[in-house]
Number of protein chains: 2
Amino acid sequence: MTLETELITTIFNGLSFTLEERKLLTRSFEKLHLPKHSLLLKAGEAVYEQYYVAEGCLRTYYIAPDGKEHTVQFAITDWWISDYTAFFNSSNALMHIECIQDATLYKISKNDMEQLYHHMPKLESYFRKKMERAFASFQKRIIANLSQTASERYLNFINTYPNIEQNVKNYHIASYLGITTQSLSRIRKELVQG
Amino acid sequence: MTLETELITTIFNGLSFTLEERKLLTRSFEKLHLPKHSLLLKAGEAVYEQYYVAEGCLRTYYIAPDGKEHTVQFAITDWWISDYTAFFNSSNALMHIECIQDATLYKISKNDMEQLYHHMPKLESYFRKKMERAFASFQKRIIANLSQTASERYLNFINTYPNIEQNVKNYHIASYLGITTQSLSRIRKELVQG
DNA sequence: ATAGTTTCTTACCATAGGTCAATTTTTTTC
DNA sequence: GAAAAAAATTGACCTATGGTAAGAAACTAT
């Protein structure tokens with residue numbers, strides 16, 4: 001599949017473009033492959049790009065001053081990933097992005113993004129709606145962290161993201177849920193035994 | 001101050017509008033006053049509007065199945081508030097919005113919002129950026145919840161939102177931090193004594 | 001001001017989840 | 001497919017925070 005076809009049929013599936021617009025789109029994105037275990041981004045680096053995940057699995061994580069890792073976001077097929085706080089502010093990353101399963105990504109720079117917004121308001125609309133959904137899901141997660149037990153959050157996670165669960169290690173899940181791997185292990189045992 | 005002047009000079013401060021656009025803007029917003037202790041929104045209700053806070057203080061909170069309250073968001077002057085998950089999806093509220101200090105609000109419906117976006121792409125841009133900042137701050141909060149102790153989160157809160165702290169009760173802050181009022185009380189004691 | 005209500009604090013015990021260390025299981029690599 | 005490395009589990013113990021209950025302090029309204 002050509003980059004152009006992929007862009008039109010998968011990433012912006014649902015939107016229609018003129019020939020001119022297709023060219024602009026294709027020029028703005030770049031395809032890349034990333035092997036498992038590699039780092040797409042390190043804390044401290046400038047963040048100029050965001051990435052669309054066509055294939056594979058990645059995670060964004062923060063390393064606290066005490067050295068502990070906290071997974072902020074996973075991304076699988078059809079999700080976008082970056083250190084968005086840094087991306088939006090054109091500042092340096094606070095987080096790392098690690099490839100968990102061999103991935104194919106389409107990257108676009110913030111500058112090209114702004115160009116696209118300018119030429120195609122429908123893209124601004126597309127990304128605003130994407131932001132709205134992300135906002136809603138973050139809010140849901142905050143509520144979950146405030147109101148649920150670790151066990152409830154785990155069940156919720158594997159029900160909501162069965163496709164992610166298959167791709168990641170338990171310690172990734174634990175660091176996403178805000179518990180230790182030992183606690184997660186005990187929770188899983190508990191659930192099996194009833 | 002007229003509604004129009006207020007809209008132009010405070011809410012959308014920084015943007016410039018034609019006469020036509022000003023009219024459209026003014027028609028879309030409605031001013032309202034809300035007394036302390038009243039509910040702007042109850043869980044279960046349909047959410048058609050979002051609100052700009054010109055004056056006062058409000059909070060959005062979720063009541064968990066066990067009856068406990070969890071504060072998701074505060075809003076003071078120049079913030080927007082709604083049950084955004086419900087607002088974006090045109091679904092029913094999961095949360096309550098309570099007025100904590102007598103408030104003056106400007107409300108706008110989702111429909112009128114869409115109209116404005118359509119006629120003025122710069123507004124879509126304005127709100128996309130607003131969403132980006134909200135996204136970043138939610139992410140920051142998730143990281144804080146995952147990586148910090150209750151005491152650290154409290155210090156962080158009073159440093160980051162000194163203007164909010166003045167307006168709210170300790171139990172509001174506790175429910176925002178995800179701890180009990182007793183724990184917050186112990187933390188405050190600890191901080192005073194050293 | 002005084003009574004009533006709401007909010008905050010304190011004390012004591014309970015518990016979810018963390019820590020450390022050892023062991024088993026699974027995955028990777030040659 | 002054997003050895004090495006990584007991940008998951010388990011047990012014993014610990015700690016931060018929760019639950020309950022009572023009293024103190026701070027507002028509110030007459």
Side-chain angles (χ1 to χ4, degrees), chain A residues 35-39 57 59 61 63-71 74 98-102 143-158 164-194, chain B residues 35-39 57 59 61 63-71 74 98-102 142 144-158 164-194:
Chain A
K36 204 167 165 170
H37 297 313
S38 58
L39 283 181
C57 182
R59 70 167 181 136
Y61 63 96
I63 301 185
D66 64 5
K68 281 174 197 144
E69 286 185 10
H70 303 279
T71 297
F74 291 108
E98 177 195 11
C99 181
I100 295 178
Q101 297 294 341
D102 291 4
I143 293 176
N145 283 342
L146 291 177
S147 66
Q148 301 185 321
T149 63
S151 173
E152 287 168 335
R153 277 177 280 143
Y154 174 65
L155 282 173
N156 197 46
F157 178 82
I158 58 178
I164 291 180
E165 196 212 352
Q166 293 159 13
N167 282 291
V168 305
K169 300 288 176 192
N170 280 345
Y171 67 82
H172 294 140
I173 299 178
S175 84
Y176 179 89
L177 298 176
I179 57 177
T180 59
T181 57
Q182 293 91 325
S183 284
L184 179 54
S185 181
R186 284 178 200 121
I187 286 167
R188 286 156 54 83
K189 189 184 178 188
E190 185 72 16
L191 290 172
V192 171
Q193 297 180 346
Chain B
K36 205 168 163 168
H37 298 313
S38 58
L39 283 180
C57 181
R59 70 168 181 135
Y61 62 97
I63 302 185
D66 64 5
K68 280 172 199 147
E69 286 185 12
H70 303 279
T71 298
F74 291 107
E98 178 195 10
C99 182
I100 294 178
Q101 297 294 343
D102 292 3
I142 287 175
N145 283 341
L146 292 176
S147 66
Q148 300 184 324
T149 64
S151 173
E152 287 168 334
R153 276 177 280 143
Y154 173 65
L155 283 173
N156 198 46
F157 177 83
I158 59 177
I164 291 180
E165 196 212 354
Q166 291 159 12
N167 283 290
V168 306
K169 301 287 175 191
N170 279 344
Y171 66 82
H172 293 141
I173 298 178
S175 85
Y176 178 90
L177 298 176
I179 56 176
T180 59
T181 57
Q182 294 91 322
S183 284
L184 179 54
S185 182
R186 281 176 212 122
I187 287 166
R188 287 157 52 83
K189 187 183 177 187
E190 185 72 15
L191 290 173
V192 171
Q193 296 180 347

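Both backbone and side-chain heavy atoms feed into the values below; hydrogens, waters and symmetry mates do not. In what follows, every chain begins at residue 1, and chains take the letters A, B, ... in the order their sequences are listed.
No side-chain donor-acceptor contact under 3.5 Å links Asn167(B) to the backbone of Cys57(B).
Rounding to whole angstrom units, CG of residue Asp66(A) and P of dC20(C) are separated by 11 Å. We find that CG of Asn167(B) is positioned 15 Å from P of dT7(C), with the value rounded to whole Å. Rounded to whole Å, the distance from NE2 on His37(A) to P on dT27(C) is 13 Å. A straight line from OH of Tyr154(B) to C1' of dC8(C) spans 12 Å, rounded to a whole angstrom. Regarding Ile100(A), its CD1 atom lies at a distance of 11 Å from the P atom of dA7(D), rounded to whole Å. Between the NZ atom of Lys189(A) and the P atom of dT25(C) there is a distance of 13 Å, rounded to whole Å.
For the residue pair Leu177(A) and Leu146(B), the shortest heavy atom distance occurs at C-CD2, 4.1 Å.
Classified by interplanar angle (parallel below 30°, tilted 30° to 60°, perpendicular above 60°), the ring pair His172(B)/Phe74(B) is perpendicular.
In this structure, OG1 on Thr181(B) lies 11.0 Å from CZ on Arg188(B), to the nearest 0.5 angstrom.
For Tyr154(B), there are no ring-ring contact (aromatic ring centres under 6.0 Å, His included) partners at least two apart in sequence or on another chain.
For the OP1/OP2 pair of dT26(C) and a distance below 4.0 Å, the side-chain nitrogens and oxygens of Asn170(A) include no atom meeting the criterion. A sub-4.0 Å separation between OP1 or OP2 of dA8(D) and a side-chain N or O of Arg188(A) is absent.
Salt bridge status for Arg59(B) with Glu69(B): present, with a side-chain N to carboxylate O gap under 4.0 Å.
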Take nucleotides 15-30 of chain D nucleotide by nucleotide from the 5' end and write B, S or -, depending on whether a protein heavy atom sits under 4.0 Å from the base, only from the sugar-phosphate, or from neither. --SBBBB------S--

